[in-house]
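First up is the structure itself, then whatever we jot down about it.
All residue numbers in this chain count up from 1 along the given sequence.
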Amino acid sequence: ESMRFRVLLEIRGIPAHAWSASTAQVILGDACAAPEPTFSTSARADSRRFQAAVWCSDPDQIPNEVIIRIPERIPDLGNNVLFLRPEEIIHHDLPVLRYKVEVKILEI
């Protein structure tokens, strides 16, 4: 199925440390392809609104609201990361935060 519609949309509620086109793609799922952040989004003019242009096959498939799970940002430990040997590190214990994001179509 081809991606026929060019849609300008806005996602609200993406946490600052996950502010990226790849996060937008996860939120939009299979409904859309290749989110291109607008100029103001790339410049982070308003960090509450992530605006992007996307291609999609059916704008009705774009979700209005999504719960995303994002690992909590771990403060940078600088060079003191290697207190544990690699086999001692428990990766699945990362705290995960849930965010409700809203998606709004601005223009098709």
Nearest 0.5 Å, what's the [atom1]-[atom2] distance between [X] and [Y]?
X	Y	atom1	atom2	value
Arg48	Glu10	CZ	CD	9.5 Å
Ile11	Arg49	CD1	CZ	13.5 Å
Leu8	Lys104	CG	NZ	11.0 Å
Phe50	Ser40	CZ	OG	10.0 Å
Asp60	Ile105	CG	CD1	7.5 Å
Asp46	Gln51	CG	CD	8.0 Å

Using the benzene-type ring in the case of Trp, are the ring centres of Phe5 and Trp55 under 6.0 Å apart?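 Ring centroids of Phe5 and Trp55 are no less than 6.0 Å from each other.
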Mind running side-chain contact (heavy atoms from CB on, under 4.5 Å) on Ile62 and Val103 for me, showing each step along the way? CA-CA 8 Å; Ile62 296 173; Val103 181; 3.6 Å; yes
Would you say the side-chain atoms of Gln25 pair up with the backbone N or O of Cys32, donor to acceptor, closer than 3.5 Å?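 Yes; at least one donor-acceptor contact below 3.5 Å.
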Within the distance-only criterion (no hydrogens, no angle test), does the side chain of Thr23 pair as donor or acceptor with the backbone N or O of Trp19 below 3.5 angstrom?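 No, Thr23 side chain to Trp19 backbone: no donor-acceptor pair under 3.5 Å.
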Step by step, work out the side-chain contact (heavy atoms from CB on, under 4.5 Å) result for Arg6 and Glu36. CA-CA 11 Å; Arg6 185 87 167 139; Glu36 293 167 32; 3.2 Å; yes
Joint cluster assignment, Ile68 & Leu28, ILVMFWY side-chain distance < 4.5 Å: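 They do share one cluster, since a chain of ILVMFWY contacts under 4.5 Å joins Ile68 to Leu28.
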Hydrophobic cluster membership, with links at side-chain heavy-atom distances under 4.5 Å among I/L/V/M/F/W/Y: are Ile14 and Leu106 in one?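 As far as the 4.5 Å side-chain criterion goes, Leu106 and Ile14 are not connected within one cluster.
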What verdict does the side-chain contact (heavy atoms from CB on, under 4.5 Å) test give for Tyr99 and Ile70, after you've listed the backbone C-alpha separation in whole Å, the side-chain angles of each residue and the deciding distance to 0.1 Å? CA-CA 8 Å; Tyr99 297 90; Ile70 297 176; 4.1 Å; yes
Looking at Arg12 and Glu102, does any basic side-chain N land under 4.0 Å from a carboxylate oxygen?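 Judged by the 4.0 Å cut-off on N to carboxylate O distance, Arg12 and Glu102 do not form a salt bridge.
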Tell me, do Val66 and Ile27 make a side-chain contact under 4.5 Å, heavy atoms counted?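 When only atoms from C-beta onward are counted, Ile27 and Val66 do touch, with a gap below 4.5 Å.
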Where Val54 and Pro35 come nearest, the two heavy atoms and their spacing: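 For Val54 versus Pro35, the nearest heavy atoms are CG1-CA, 3.6 Å.
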